[in-house]
Amino acid sequence: MSFSICVAQCTDSLASTMDDQARIMQSIGGVSLAGHSVQGGMPLPPPHGHDGTDGDGRKQDIGDILHQIMTITDQSLDEAQAKKHGLNCHRMKPALFSVLCEIKEKTVLSIRGVQEEDPPDPQIMRLDNMLLAEGVSGPEKGGGSAAAAAAAAAAGGSPTDSSIEHSDYRAKLTQIRQIYHSELEKYEQACSEFTNHVMNLLREQSRTRPISPKEIERMVAIIHRKFSSIQMQLKQSTCEAVMILRSRFLDARRKRRNFNKQATEVLNEYFYSHLSNPYPSEEAKEELAKKCGITVSQVSNWFGNKRIRYKKNIGKFQEEANLYAVKTAVDAANVSAQASQANSPATPNSGGYPAPCYTPDGRL
DNA sequence: AACGATGATTGACT
DNA sequence: AGTCAATCATCGTT
């Protein structure tokens with residue numbers, strides 16, 4: 001994605017366009033304007049007649065040519081300027097140029113013009129939308145952290161962990177963002193510089209070559225298209241970078257930690273004391289989440305896993321079930337003793353999940 | 001390293 | 001939307 005490639009591409013197309021123009025000029029033929037050749041080259045040495053089998057002779061020829069070339073600039077700079085001036089001032093020049101422009105318009109340029117006005121590239125639009133959604137383009141700050149925050153919220157886990165990942169993600173995204181913007185700026189600057197340069201060049205040349213303003217416009221459009229294709233590459237690789245970052249971040253979400261002992265205890269207590277209907281309401285989930293220092297969705301996950309695993313192998317959970325049954329019984333007893341009330345706590349177990357076998361001494 | 005435990009994800013179902 | 005069931009990926013223990 002280098003600038004030099006871009007410039008090379010632009011100059012390529014520019015050069016090819018200029019070749020076309022040169023060809024047109026040639027095909028029009030040696031139009032002579034009051035004795036001045038329109039093709040206006042320097043006087044070339046007359047072709048030598050011999051076949052060049054003689055080595056010394058050839059050297060001599062080359063020497064002659066080189067000498068002539070070296071002297072051309074000395075002898076004819078003023079002369080050339082004078083010729084140019086004469087050409088510019090000739091009364092027939094505007095008419096001739098307009099005819100030539102018209103001919104050019106009708107030939108090569110009109111063919112080129114066909115595929116020029118294409119609507120905004122859907123590929124570019126897709127990339128733009130994606131970059132906007134990921135918070136790479138768009139308003140400064142906020143956008144990126146919003147995406148990161150959403151991902152972090154989904155990540156759950158302990159608050160410190162997720163915040164570390166969060167800031168890491170955000171830092172990387174910011175880095176991508178900075179590179180993207182600085183590159184974009186560079187390209188835009190280069191594009192306008194190059195456009196200006198080409199426009200000046202063409203304007204300058206339009207004094208000696210038939211170049212219509214429309215043609216200059218077209219050339220500018222060609223340059224812009226070249227630069228926007230480079231921009232697309234930039235956008236594409238930025239998107240790729242963000243996707244890689246995201247996938248890494250999402251993978252990081254899977255790096256789970258087991259809940260701490262206290263959290264597991266709280267969850268188990270609720271589960272076994274509601275064994276008949278181990279489906280906490282939204283409010284209950286929120287309270288459990290608060291108590292355990294985890295998110296509501298983690299509570300939901302835990303209950304989902306617990307229900308299915310308990311049901312699958314009740315025998316395996318028997319011991320645990322008894323343990324928590326004792327615990328809740330003791331707690332209830334304490335509570336009732338404190339309240340000085342002899343009401344025995346109702347064990348909520350009527351259907352649904354099978355109750356553990358419980359004996360007062362803790363044995364099955 | 002192997003293995004069971006465990007939190008998270010996914011797709012189907014109601 | 002909530003749940004189930006299967007599965008994945010990692011943790012913690014042996």
Side-chain angles (χ1 to χ4, degrees), chain A residues 130 133-135 144-173 239-328 331 347-358 362-364:
Chain A
M130 205 169 129
E134 294 297 335
S145 54
S158 70
T160 44
D161 266 10
S162 77
S163 72
I164 287 165
E165 280 167 14
H166 181 175
S167 65
D168 200 30
Y169 178 85
R170 207 168 51 175
K172 293 244 165 70
L173 197 69
C239 275
E240 273 167 28
V242 172
M243 289 327 261
I244 289 166
L245 179 67
R246 278 206 81 157
S247 71
R248 267 197 210 140
F249 183 70
L250 290 174
D251 280 349
R253 289 196 307 171
R254 299 192 77 118
K255 275 183 186 153
R256 61 178 185 79
R257 297 265 109 143
N258 288 354
F259 298 154
N260 61 40
K261 233 179 171 179
Q262 184 253 334
T264 316
E265 240 165 70
V266 170
L267 293 167
N268 272 319
E269 260 173 46
Y270 188 98
F271 181 79
Y272 288 110
S273 64
H274 297 75
L275 206 52
S276 60
N277 185 34
Y279 296 88
S281 64
E282 194 59 31
E283 295 82 52
K285 278 182 192 170
E286 273 167 27
E287 202 179 320
L288 285 167
K290 211 187 252 177
K291 267 191 198 169
C292 301
I294 58 179
T295 67
V296 172
S297 66
Q298 282 180 302
V299 173
S300 297
N301 284 341
W302 189 92
F303 273 89
N305 284 324
K306 191 72 183 180
R307 280 191 299 263
I308 206 85
R309 283 163 188 166
Y310 180 82
K311 203 171 89 176
K312 254 188 178 171
N313 193 351
I314 296 169
K316 203 175 78 184
F317 288 91
Q318 206 64 260
E319 207 175 325
E320 188 180 74
N322 290 336
L323 196 76
Y324 281 99
V326 172
K327 233 179 199 180
T328 46
D331 285 353
T347 327
N349 193 14
S350 52
Y353 286 78
C357 307
Y358 168 65
R363 299 182 72 244
L364 304 182

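Throughout, a chain's letter reflects where its sequence line sits, starting with A, and its residues are numbered from 1.
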Measure from [atom1] on [X] to [atom2] on [N] and round the result to the nearest Å.
| X | N | atom1 | atom2 | value |
| --- | --- | --- | --- | --- |
| A/N258 | C/dG12 | CG | P | 5 Å |
| A/F317 | B/dG4 | CZ | P | 14 Å |
| A/R256 | B/dT9 | CZ | C1' | 13 Å |
| A/I294 | B/dT6 | CD1 | P | 14 Å |
| A/R309 | C/dC8 | CZ | P | 13 Å |
| A/L267 | B/dG7 | CG | P | 8 Å |
| A/F271 | B/dG7 | CZ | P | 13 Å |

For a 4.5 angstrom cut-off between non-hydrogen side-chain atoms, does [X] reach [Y]?
| X | Y | result |
| --- | --- | --- |
| A/E320 | A/N268 | yes |
| A/Y310 | A/K316 | no |
| A/W302 | A/Q298 | no |

Under the ring-ring contact (aromatic ring centres under 6.0 Å, His included) rule, collect the residues that match up with A/F259, sequence neighbours excluded.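 Here no residue qualifies.
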
Residues from residues 299-308 of chain A lying under 4.0 Å of DNA chain B - heavy atoms: A/N301, A/W302, A/N305

OP1 or OP2 of [N] less than 4.0 angstrom from a side-chain nitrogen or oxygen of [X], does that happen here?
| X | N | answer |
| --- | --- | --- |
| A/K285 | C/dT3 | yes |
| A/K312 | C/dC4 | no |
| A/Q298 | B/dG7 | no |
| A/R257 | C/dC11 | yes |

Residues pairing under salt bridge (charged side-chain N to carboxylate O under 4.0 Å, His left out) where one sits in residues 285-300 of chain A, two or more places apart or in two chains, turn out to be none

Quick one: do A/F317 and A/I314 satisfy side chain to side chain contact (heavy atoms under 4.5 Å, CB included)? Show the steps, please. CA-CA 5 Å; A/F317 288 91; A/I314 296 169; 5.9 Å; no

Between A/F271 and A/Y324, does the ring centre distance come in under 6.0 Å?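 Ring centroids of A/F271 and A/Y324 are no less than 6.0 Å from each other.
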
